[in-house]
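In what follows, every heavy atom counts, from backbone to side chain, and hydrogens, waters and symmetry copies are set aside.
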Amino acid sequence: MQSVWKRILLVCGLVSLLALAACGGNGGDEVGTNDREANDDGDTTETEDYGEAVNYTITGIEPGAGISVTTEKAIEEYENLDGWNVDLSSTAAMMAELEKAIDNEEPIIITGWNPHWMFAKFPDLKYLDDPLNIYGGDEDINTLTRLGLEEDNPEAFKVLDQFAWEVEDMEDIMYEASETGEEVEDIAKRWVEDNMDKVESWIDGVEDVDGVAIEIVSTPWDSERASSAVLKEAMELKGFDVTVTPVDVAVVFESLATGDADATVAAWLPGTHAEFYEKHQDELVDLGPNLTGTRIGLTVPAYMDIDSIEDLQPNN
Ligand code: PBE
């Protein structure tokens, strides 16, 4: 299968506004032109000092997110982020700060990711180049189960193993939720009804069960509310009794490792959740990607005259 093209289409094709932002960022990172230009010609180092303007603060999301841990690591690893900090509160608060900054054309640095509607709502957002590759490039979202699930519950294991969809599927649900204010879970339910061809492939060859309980751990972001909800709907078609519990990323991994939960479809790998994965990888089963083409990184409005994390000045 022409997977490279498929991936490019996934990222670039359907939500064109999102694609502009995402591809702009990707291109910069892969080709590395921005970094080189900035480094080669010393005179362009008159980049504006945004550090002071943003109070040497990156506006982040919940402390329990992988991207928050990664941002703390970035602050440690980038010498030029000496004396910076990340303000960890909530996704809603970050989005409100972003909107306010954009309304006033003020500088702001947020922790951004795809899939998310932020790039559709604010098409001029751009990822900053990340020469130390702290945030990684394109990522996947993997399905993980606890040890022993395959033996205890082969039918559930089979659905989990067959579950796979695409960035635009997830985005359709997320975007509709952000536009209408309707619950992600309700939209996901309709998505399953409207996309039975895809859903059939997840439950293909799976025997019906009678109310077998399955505990899915997830995270509270819309992307994972969407994936866990479509999986729940699909499994319930086969007679499973599915509970989805949103928790911090650390708890997702811990509860699989201890066997308190059966599975998750919310592991952003290999980068975003690396720290948790590495800690628990021997205590869980990794079924590989259920979605490919995600991304995280420091993100700014395009009116900021800056291309790379290295263009930021230290706080001293
Ligand atoms: N996110 C969205 C999550 C995973 C889903 C990037 C905010 C994180 O752990 O950072």
Side-chain angles (χ1 to χ4, degrees), residues 22 25 54 57-78 81 84-99 108-119 121-122 125 127-128 130 133-144 167 170-171 173-174 177-178 184 216-229 244-257 261 264-281 284 289-291 293-300 309:
V54 301
T57 301
I58 294 160
T59 306
I61 60 166
E62 290 80 359
I67 200 172
S68 304
V69 178
T70 311
T71 300
E72 273 159 356
K73 188 166 166 218
I75 290 174
E76 262 166 49
E77 302 281 323
Y78 278 96
L81 293 184
W84 280 66
N85 59 77
V86 51
D87 181 18
L88 298 176
S89 57
S90 71
T91 303
M94 182 185 82
M95 294 311 297
E97 288 296 316
L98 175 66
E99 184 154 20
I108 185 166
I109 304 167
I110 63 160
T111 57
W113 68 89
N114 304 88
H116 191 275
W117 46 265
M118 65 178 91
F119 291 94
K121 180 159 185 195
F122 306 111
L125 286 180
Y127 281 112
L128 292 180
D130 172 24
N133 200 32
I134 304 291
Y135 290 95
D138 275 7
E139 287 204 292
D140 304 320
I141 305 181
N142 284 22
T143 301
L144 312 175
V167 164
M170 182 183 258
E171 258 168 21
I173 296 174
M174 296 169 77
S178 81
V184 171
I216 303 289
V217 262
S218 187
T219 52
W221 296 284
D222 284 3
S223 40
E224 279 56 47
R225 288 178 64 189
S227 53
S228 298
V244 175
T245 311
V247 290
D248 281 356
V249 177
V251 180
V252 167
F253 284 82
E254 280 158 20
S255 57
L256 292 174
T264 188
V265 289
W268 287 45
L269 293 167
T272 308
H273 296 159
E275 190 168 312
F276 309 103
Y277 184 81
E278 279 156 21
K279 194 164 160 198
H280 295 294
Q281 66 190 72
L284 44 82
N290 59 59
L291 180 143
T294 66
R295 196 171 175 208
I296 67 168
L298 293 186
T299 304
V300 300
I309 299 175

Quick one: OH on Y78 to CG on D130, what's the gap to the nearest 0.5 Å?
3.5 Å

Looking only at non-hydrogen atoms, find the nearest pair between T111 and G60 and report the distance.
OG1-CA, 3.6 Å

If you measure from CD on E139 to CG on N114, what distance do you get to the nearest 0.5 Å?
11.0 Å

Distance from I58 atom CD1 to I108 atom CD1, nearest 0.5 Å?
11.0 Å

Check I67 against T272 and note the closest heavy-atom contact, atom names and distance.
N-CG2, 3.8 Å

Passes side chain to side chain contact (heavy atoms under 4.5 Å, CB included), V249 versus W268? Steps please.
CA-CA 10 Å; V249 177; W268 287 45; over 6 Å; no

Name the orientation class of the two ring planes belonging to Y277 and F253 (parallel below 30°, tilted from 30 to 60°, perpendicular beyond 60°).
perpendicular

Residues two or more places apart in sequence or in another chain: which of them pass side-chain hydrogen bond (donor to acceptor under 3.5 Å, both in side chains) with T91?
E62, W221

If you measure from OG on S178 to CE on M95, what distance do you get to the nearest 0.5 Å?
9.0 Å

Please assess M174 against R225 for the test side chain to side chain contact (heavy atoms under 4.5 Å, CB included), listing each intermediate value before the final yes or no.
CA-CA 9 Å; M174 296 169 77; R225 288 178 64 189; over 6 Å; no

With no hydrogens and no angle check, do the side chains of D87 and T57 hold a donor and an acceptor under 3.5 Å apart?
no

Exactly one candidate in N290, L291, N142 meets side chain to side chain contact (heavy atoms under 4.5 Å, CB included) with V265; the answer is N290

dist H116:NE2 -> K121:NZ (nearest 0.5 Å) comes out at 10.0 Å

Minimum heavy-atom distance between W117 and D222, given as atom pair plus value:
NE1-OD2, 3.9 Å

Heavy atoms only: give me the nearest D140-T294 pair and the separation to one decimal.
N-OG1, 3.9 Å

Heavy atoms, side chains only, cut-off 4.5 Å: are V69 and F276 in contact?
yes

Counting only heavy atoms not in E275, do more than 12 fall under 6.0 Å of its CD?
no

Please name the pair of heavy atoms, one in P115 and one in V167, separated by the smallest distance, quoted to 0.1 Å.
CG-CG1, 4.2 Å

Got a sec, which pairs hit side chain to side chain donor-acceptor pair (under 3.5 Å) with one end in residues 67-77, sequence neighbours left out?
T71-Y135

For the residue pair M118 and L125, establish whether any side-chain heavy-atom pair is separated by less than 4.5 Å.
yes

Please assess I109 against T59 for the test side chain to side chain contact (heavy atoms under 4.5 Å, CB included), listing each intermediate value before the final yes or no.
CA-CA 6 Å; I109 304 167; T59 306; over 6 Å; no

Show your reasoning for whether side chain to side chain contact (heavy atoms under 4.5 Å, CB included) applies to I173 and V184.
CA-CA 7 Å; I173 296 174; V184 171; 4.0 Å; yes

Over all heavy atoms of both residues, which pair between A267 and L144 is shortest? Give the atoms and the distance, please.
CB-CD1, 3.7 Å

Could you tell me the separation between the OG1 atom of T299 and the CG atom of L128, rounded to the nearest 0.5 Å?
7.0 Å

